[in-house]
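What follows is a short report on a single structure.
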Amino acid sequence: MSDKLKLSAGERINTLLDDASFVEIGSEVTARVTDFNEDSQSTPKDGVITGYGLIDGKLVYVYSQDASVLGGAVGEMHAKKITAIYNLAMKVGAPVIGLIDTAGLRLQEATDALHSFGALFKKSSMASGVIPQITAVFGNCGGGAAVLAALSDFSYMVEDSKLFVNSPNAIKGNYEDKCDTASAAYVSSSTSLVDGVCTSDSDALLRIRGLVSILPSNNMEEAVSVCEDDLNRTTPGIESSKDDARAVLNSISDDNMFIETKAGYGSDIVTGFIKLNGATIAAVANQVETSGGLISTEAADKAASFVSFADSFNIPVLTLTAAKGFDATFESEKTIAKNVAKLSVSFTEASVPKVNVVVGDAFGSAYIVMNSKSTGADIVYAWPTARIGITDPSVAAEIIYADDIAGADDKVSAIKEASAKIQETQSSAIAAARRGYVDDIIEPDATRKRLIAAFDMLATKREERPFRKHMAF
């Protein structure tokens, strides 16, 4: 790995791929138009290096835009070169990685550039759910290029890079110094576009390598590797971390490996990949430490897209549930019903193995949409201290036993007594298990080995869905 802060287009490819594995395609391609005296300007490789190589021995296709050639602007041949490697990648079933640094469309080529860029959008759309698409922004990614990044499954930004459809200065009432809406910090926290902000070019490339290593190459393969961790390893004291999903996922994963996605957005739900017995598992977990168990509209949107990706690529899904309700703000009310519905649909539609572990309080609709038995979870476990019900037992007690409490001499004691009764009969993990909504109460320190056993049992799961052209949602 190079330790240079900024790398050239070629250096990025060589740093990303295994040593001496890159094979270039289209090395002699240049711009073919002559309008506006463009023939007087040299456009080597037409501003983008394209080809294929290996990451940990796995075949990938890659393009790297060269900002030293017309600012990396996308012209007709530039876009056609990228489309060409998409064609190859889809034929052989290999990921496409885009290393983006572009000023946008090349104005001199007008509709020629526009048409080829549109064809690239189509190709990326057709590749969705067939091969993984990963992009990283190293400089500018403006206008239509931002759409290309959004079409990818995963995107990273280097700290000083810019990603925007409209530049900050083009937004009415705004300017860059007031709110830099193109900055990595803003995009990662305010949109669902970015999976991580990287400190350097090398950091971004290293993260891409890690992601490629854990994903299947296409939607016909399974992501399984040799597990060297103890399959029966216990995790003593894990229950003390029940409010920190990252800590729990790190603890139960093979070799304590957890690759998080979109950490800066919708932080009340953690999404990412772990390994269990060598198999890649997509994890979705409520981060109580951040939200107190409330689901935000941003988190619901993030989790829904992540589950859909996992289902597209045959990656089993694990949920760690501790959800009390939904975040309530004026802004969230505009979108939360729709995004929570998307989350529910994504779990319901997913035909991959699905296991849920209820680790904390799980109440009402927030519990239902977090991969509950009612929405299609294959196996549901619960820790002994988990609580599952319509609402917090103390709230339910004041409603159900309102008359008894009103007539009691000691109302505080009456509420506590009523709450304990509801907790025991209706809102405990054992109460849910007695009704068949939880398959087993498991000890927290045995979570890893119980999950390995469950996913191993579900490995041959086959579940059909009604025929449809595509989801109408």
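Looking at every heavy atom in both residues, Arg12 comes nearest to Leu99 through CB-CD1, 3.8 Å. Closest approach of Ile336 to Ile295, counting heavy atoms only: CD1-O, 3.8 Å. Shown here for Ala245 and Ala285, the closest heavy-atom pair between the two residues is CB-CB, 3.5 Å. Here the shortest heavy-atom pairing between Ser251 and Asn256 reads O-ND2, 3.6 Å. Contact between Ser155 and Leu193 at its shortest, heavy atoms only, is CB-O, 3.3 Å. The two residues Ala94 and Leu59 come nearest to each other via the heavy atoms CB-O, 3.6 Å.
Interatomic distance, CZ of Arg450 versus CG of Asp439, reported as 9.5 Å (0.5 Å rounding). With rounding to the nearest 0.5 Å, the separation of CG in Asp153 from OG in Ser308 is 11.0 Å. If you take OG on Ser312 and CG on Asn219, they are separated by 8.0 Å, rounding to the nearest 0.5 Å. Here CD1 of Ile441 is found 5.0 Å from CD1 of Ile430. Values are rounded to the nearest 0.5 Å. Rounding to the nearest 0.5 angstrom, the gap separating the SG atom in Cys198 from the CE atom in Met157 is 10.0 Å. Of the inter-residue distances, the one linking Ile252 atom CD1 with Ile274 atom CD1 reads 4.0 Å to the nearest 0.5 angstrom.
In this pair, Phe154 and Phe273 present their aromatic rings perpendicular. The plane angle is above 60°, beyond the 30 to 60° band.
The shortest side-chain heavy-atom distance between Pro216 and Ile315 falls under the 4.5 Å cut-off. Contact of the Val288 side chain with the Asp244 side chain is not registered, since no non-hydrogen atoms from C-beta on lie closer than 4.5 Å. Counting heavy atoms from C-beta outward, Phe363 and Arg387 have side chains that approach closer than 4.5 Å. With contacts defined as side-chain heavy-atom distances shorter than 4.5 Å, the pair Pro95/Ile131 does not qualify. Contact check for Ile97 versus Ile208: side-chain heavy atoms found under the 4.5 Å cut-off. For the pair Val137 and Val158, the minimum side-chain heavy-atom distance is 4.5 Å or more. With contacts defined as side-chain heavy-atom distances shorter than 4.5 Å, the pair Leu7/Leu205 qualifies. Side-chain contact between Val317 and Ile281 is absent, with no heavy atoms from C-beta onward closer than 4.5 Å.
Using modelled atom types, one finds no donor on one side chain facing an acceptor on the other under 3.5 Å when comparing Thr290 with Ser267. Thr335 and Thr297 share a donor-acceptor pair across their side chains, judged by distance under 3.5 Å alone. For the residue pair Ser200 and Ser202, no side-chain donor N or O sits within less than 3.5 Å of a side-chain acceptor on the partner. Judged purely by distance below 3.5 Å, without hydrogens or angles, the side chains of Asn356 and Thr319 pair a donor atom with an acceptor atom.
Remark: the backbone N or O of Asp101 is paired with a side-chain donor or acceptor of Gln65 at under 3.5 angstrom. In this structure, Asp440 contributes its side chain and Ile442 its backbone to no donor-acceptor pair below 3.5 Å. Within the 3.5 Å criterion, the main-chain N or O of Ala322 finds a donor-acceptor partner in the side chain of Asn286. Between the side chain of Ser253 and the main chain of Asn250, no donor-acceptor pair closer than 3.5 Å is present. Judged by distance alone, with hydrogens and angles left aside, the side-chain atoms of Arg207 form no donor-acceptor pair with the main-chain N or O of Ile259 at under 3.5 Å. Formation of a donor-acceptor pair under 3.5 Å by the Asp254 side chain with backbone atoms of Met257 is not found in this model. Judged purely by atom type and a 3.5 angstrom limit, Lys81 has no side-chain atom pairing as donor or acceptor with the backbone of Thr50. Here the side chain of Asp268 pairs no donor or acceptor atom with the backbone of Ser291 at under 3.5 angstrom. Panel note: side chain Ser190, backbone Val187; no donor-acceptor pair is recorded below 3.5 Å. Side-chain atoms of Lys58 come within 3.5 Å of backbone atoms of Leu215 as a donor-acceptor pair (strictly under, hydrogens ignored).
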Given side chain to side chain donor-acceptor pair (under 3.5 Å), test Thr271 with Thr261 step by step and report yes or no.
CA-CA 6 Å; Thr271 57; Thr261 61; 2.7 Å; yes

Begin from the C-alpha positions of Ser124 and Gln133 and carry the test side chain to side chain donor-acceptor pair (under 3.5 Å) through to its verdict.
CA-CA 8 Å; Ser124 178; Gln133 301 176 71; 2.7 Å; yes

Given side chain to side chain donor-acceptor pair (under 3.5 Å), test Lys275 with Thr280 step by step and report yes or no.
CA-CA 5 Å; Lys275 285 275 192 180; Thr280 296; 3.0 Å; yes

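For an aromatic pair to be called close, the ring centres must be under 6.0 Å apart, and Tyr61 with Tyr86 fails this.
For Phe138, the ring pair (Phe, Tyr, Trp, His ring centres under 6.0 Å) criterion is met by no residue, not counting sequence neighbours. A search for ring pair (Phe, Tyr, Trp, His ring centres under 6.0 Å) contacts involving Tyr381 returns nothing, not counting sequence neighbours.
Salt-bridge check for Asp378 with Lys354: failed, with every basic side-chain N at 4.0 Å or more from each acidic carboxylate O. The pair Asp229-Arg448 meets the salt-bridge criterion, since a charged nitrogen lies less than 4.0 angstrom from a carboxylate oxygen. A salt bridge links Arg468 to Glu349: at least one charged side-chain nitrogen sits closer than 4.0 Å to a carboxylate oxygen. Ion pair Lys178/Glu176 not flagged as a salt bridge, since none of the NZ, NE, NH1 or NH2 atoms sits closer than 4.0 Å to an Asp/Glu carboxylate oxygen. A salt bridge does not link Arg462 with Glu464: every distance from a Lys NZ or Arg NE/NH1/NH2 to an Asp or Glu carboxylate oxygen is 4.0 Å or more.
More than 12 heavy atoms of other shown residues, nucleotides or ligands fall within 6.0 angstrom of atom CZ in Phe121. Counted within 6.0 Å of CE on Met457, heavy atoms from surrounding residues, nucleotides or ligands total more than 12; the atom is thus considered enclosed. Other residues, nucleotides and ligands place no more than 12 heavy atoms under 6.0 Å from the CD atom of Glu222. The 12-atom threshold is not exceeded at NZ of Lys122, counting heavy atoms of other residues, nucleotides or ligands nearer than 6.0 Å. Other residues, nucleotides and ligands contribute over 12 non-hydrogen atoms within 6.0 Å of the CZ atom of Phe164.
Residue pairs that meet the salt bridge (Lys or Arg N to Asp or Glu O under 4.0 Å) test with at least one member in residues 307-329, sequence neighbours left out, are Lys324-Asp361.
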